[in-house]
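To start, the structure under review is shown below, and the notes come after it.
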Amino acid sequence: MIQYKEALKDILKNASPLPAEKIAIENSVGRILKEDIYSMLEMPPFDKAAMDGYAVRALDAKDAPVTLKCVGLIQAGQGFKRKLKQGECVKIMTGAPMPDGSNSVVMIENTRQKMGCVEALEAVKTGENVCAKGEDFRRKDMVCKKGREISSSDVAVFAAVGRHSVKAAKKPEVAILNTGGEIIQPGASLSRNKIFNSNGPMLQALLKSDGIESCFLGIARDNIRELKSAIKEGLKKDVLLVSGGVSMGDYDLVPEVLASLGVRKIFHKVNVKPGKPLFFGTKNKTLVFGIPGNPVSNFLSYLIFVRPALYKMMGYPYCKPEFKEGLIEKKFDTKTGRKHFVLVKITKKENQYHLAPVASHGSADIIALSKADGFMVVGKKIKFITWKII
Ligand code: AMP
Ligand code: MG
C-alpha cells in the first residue's frame, strides 16, 4: 500500500498533456490556448463614433453653444462621401465611421434642433466620443498568448480579429463503467436486493463540471465475460473509470480482468480513508482508475486522484488538488493511521474557514455527502478540499 502523495505523483507522471486540436471559438472557453493569436487588422479599423450625436470639427464647437449646419447622416456600416467643412456637422450613429474633416462627436443629449440647424450646447475636445483607428490593437499585435486558459472575453477577441477557430488543448475522452450485480440504472424498475446506480450519474456530473462529456459504458455484472467486453471498449478512450469491484471480495474481479487485457498496474491500494482499494494502471496511452464502489469513495477519488490527471491532460498549470487551511471548533481525532478525509460543512467568517464534521454512516452515506461542502484532513494542520464556492 502506498501513501497519498506517492499515489498522486504516480498518477501525474503517467498523465501527459494531450495534443492540440482546432476548435470553433465558441466552444473554446476553459481550454488552454495552443497558439499565439495575432491580429490581421487594426482595432477599430477606422475612426468611429463612440456615441450617437453629431460629428463636428472640435474647433467649430469650442465656443458652445454654437449653431452648426447639418449636412447629412451616417449610419453604422455606411460611409460619408465628402469632407466636412467649417461650420458643418453630420448626424452620426455609434459605430459609424467619422467623416473626413471631423474629429469629435457632440453627443445627442448635448444638442438641440434650431431652425433646420443643430445647436451644440457643450464644447468638445479633439477626439472626444471617438474611438481612434488602432487604439485597441494594431495589425500584427499579439492579442492572446499561447498557454492561456481561454475565457469568454478572449472569444470576443478571437472573433474581432476574424478567427472562427483556434488551436486549443484537447479534452480527454473519458469512459465510465459501473460494476456490480446489485446495480440498476435509475429509471429502470428496482427489484429485490438491488440498488440504483449513484456513481455513474455522479461521475458524469463531476466530469461535466470539468467541461468533459463522458461515454457511459453501462453496468457490468461481476463476471469475467461482461467485465472484459465492457473494459475492452473503455480502453479505446484516454481515461477509463471503473467503479466497484476492486476490493477484497470474491467477486471483485476488476484488477484480474484489467491484467488479462494488458493493463499495467501502477498501484493498487492507497493509504487513504475512504477509498483505500483504489487501482491505477495504464495501457498504452489510456489511464485506468479502478475506484471502490461506495459513492463517497468514488466522489473523493475523483477529487483527489482522477481530476488532477484530467487537468494535467488538458494542459492546466494547476493540476494538483487545492487544500486550504481551516479551523475546527472541537478537537477531532481520526486515529486510523490512514489519511482520513472527513466530510465537513464549511463556513467563512472573517477570512477564516470554519469546519464542522457532518454526521455520517460511512462511505455509502450519500446524504452526508450531499450535506457536506468538503473533506477535511487532520494532520499537523487542519486542511480541507471543497467542490463548492464558499
Ligand atoms: P464494491 O467496491 O464493488 O465492493 O462496492 C462497495 C459498495 O458500494 C457496495 O455496497 C456496493 O453496492 C456499492 N456500490 C457499488 N457501485 C455502486 C454504484 N454504482 N452506485 C451506488 N453504490 C454502489
Ligand atoms: Mg461490487
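Predicted model only: the values in this text are computed from it and were never measured. Each ligand, and each atom within it, is numbered from 1 in the order the structure gives.
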>> Determine whether Asp60 and Arg57 satisfy the following criterion, salt bridge (Lys or Arg N to Asp or Glu O under 4.0 Å), listing intermediate values before the conclusion.
In response: CA-CA 5 Å; Asp60 290 350; Arg57 294 152 33 112; 3.0 Å; yes
> Is there a salt bridge (Lys or Arg N to Asp or Glu O under 4.0 Å) between Glu226 and Arg221 once you walk through the steps?
Replying inline: CA-CA 6 Å; Glu226 279 193 30; Arg221 281 173 294 179; 2.7 Å; yes
Report each N/O pair between ligand 1 and the protein that falls under 3.5 Å, naming both atoms.
{"residue": "ligand 1", "atom": "2 (O)", "partner": "Gly293", "partner atom": "N", "Å": "2.7"}
{"residue": "ligand 1", "atom": "3 (O)", "partner": "Gly245", "partner atom": "N", "Å": "2.9"}
{"residue": "ligand 1", "atom": "8 (O)", "partner": "Gly293", "partner atom": "O", "Å": "3.4"}
{"residue": "ligand 1", "atom": "8 (O)", "partner": "Asn294", "partner atom": "N", "Å": "3.2"}
{"residue": "ligand 1", "atom": "8 (O)", "partner": "Asn294", "partner atom": "OD1", "Å": "3.3"}
{"residue": "ligand 1", "atom": "12 (O)", "partner": "Glu182", "partner atom": "OE2", "Å": "2.5"}
{"residue": "ligand 1", "atom": "14 (N)", "partner": "Gly293", "partner atom": "O", "Å": "3.3"}
{"residue": "ligand 1", "atom": "19 (N)", "partner": "Asn197", "partner atom": "OD1", "Å": "2.8"}
{"residue": "ligand 1", "atom": "19 (N)", "partner": "Asn199", "partner atom": "ND2", "Å": "3.3"}
{"residue": "ligand 1", "atom": "20 (N)", "partner": "Ser198", "partner atom": "N", "Å": "3.0"}
{"residue": "ligand 1", "atom": "20 (N)", "partner": "Asn199", "partner atom": "N", "Å": "3.4"}

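Checking Asp210 against Tyr302 by side-chain atom types alone, a donor-acceptor pair falls below 3.5 Å.
Crowding of Lys345 atom NZ: a count of heavy atoms from other residues, nucleotides or ligands under 6.0 Å exceeding 12.
Annotation: side chain of Val239 is in contact with side chain of Met313 (closest heavy-atom distance under 4.5 Å).
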Would you mind writing out the side-chain donor-acceptor pairs for residues 278-290 within the sub-3.5 Å range, not counting sequence neighbours?
{"residue": "Lys283", "atom": "NZ", "partner": "Leu261", "partner atom": "O", "Å": "2.8"}
{"residue": "Thr286", "atom": "OG1", "partner": "Leu235", "partner atom": "O", "Å": "3.0"}
{"residue": "Thr286", "atom": "OG1", "partner": "Lys237", "partner atom": "O", "Å": "2.8"}

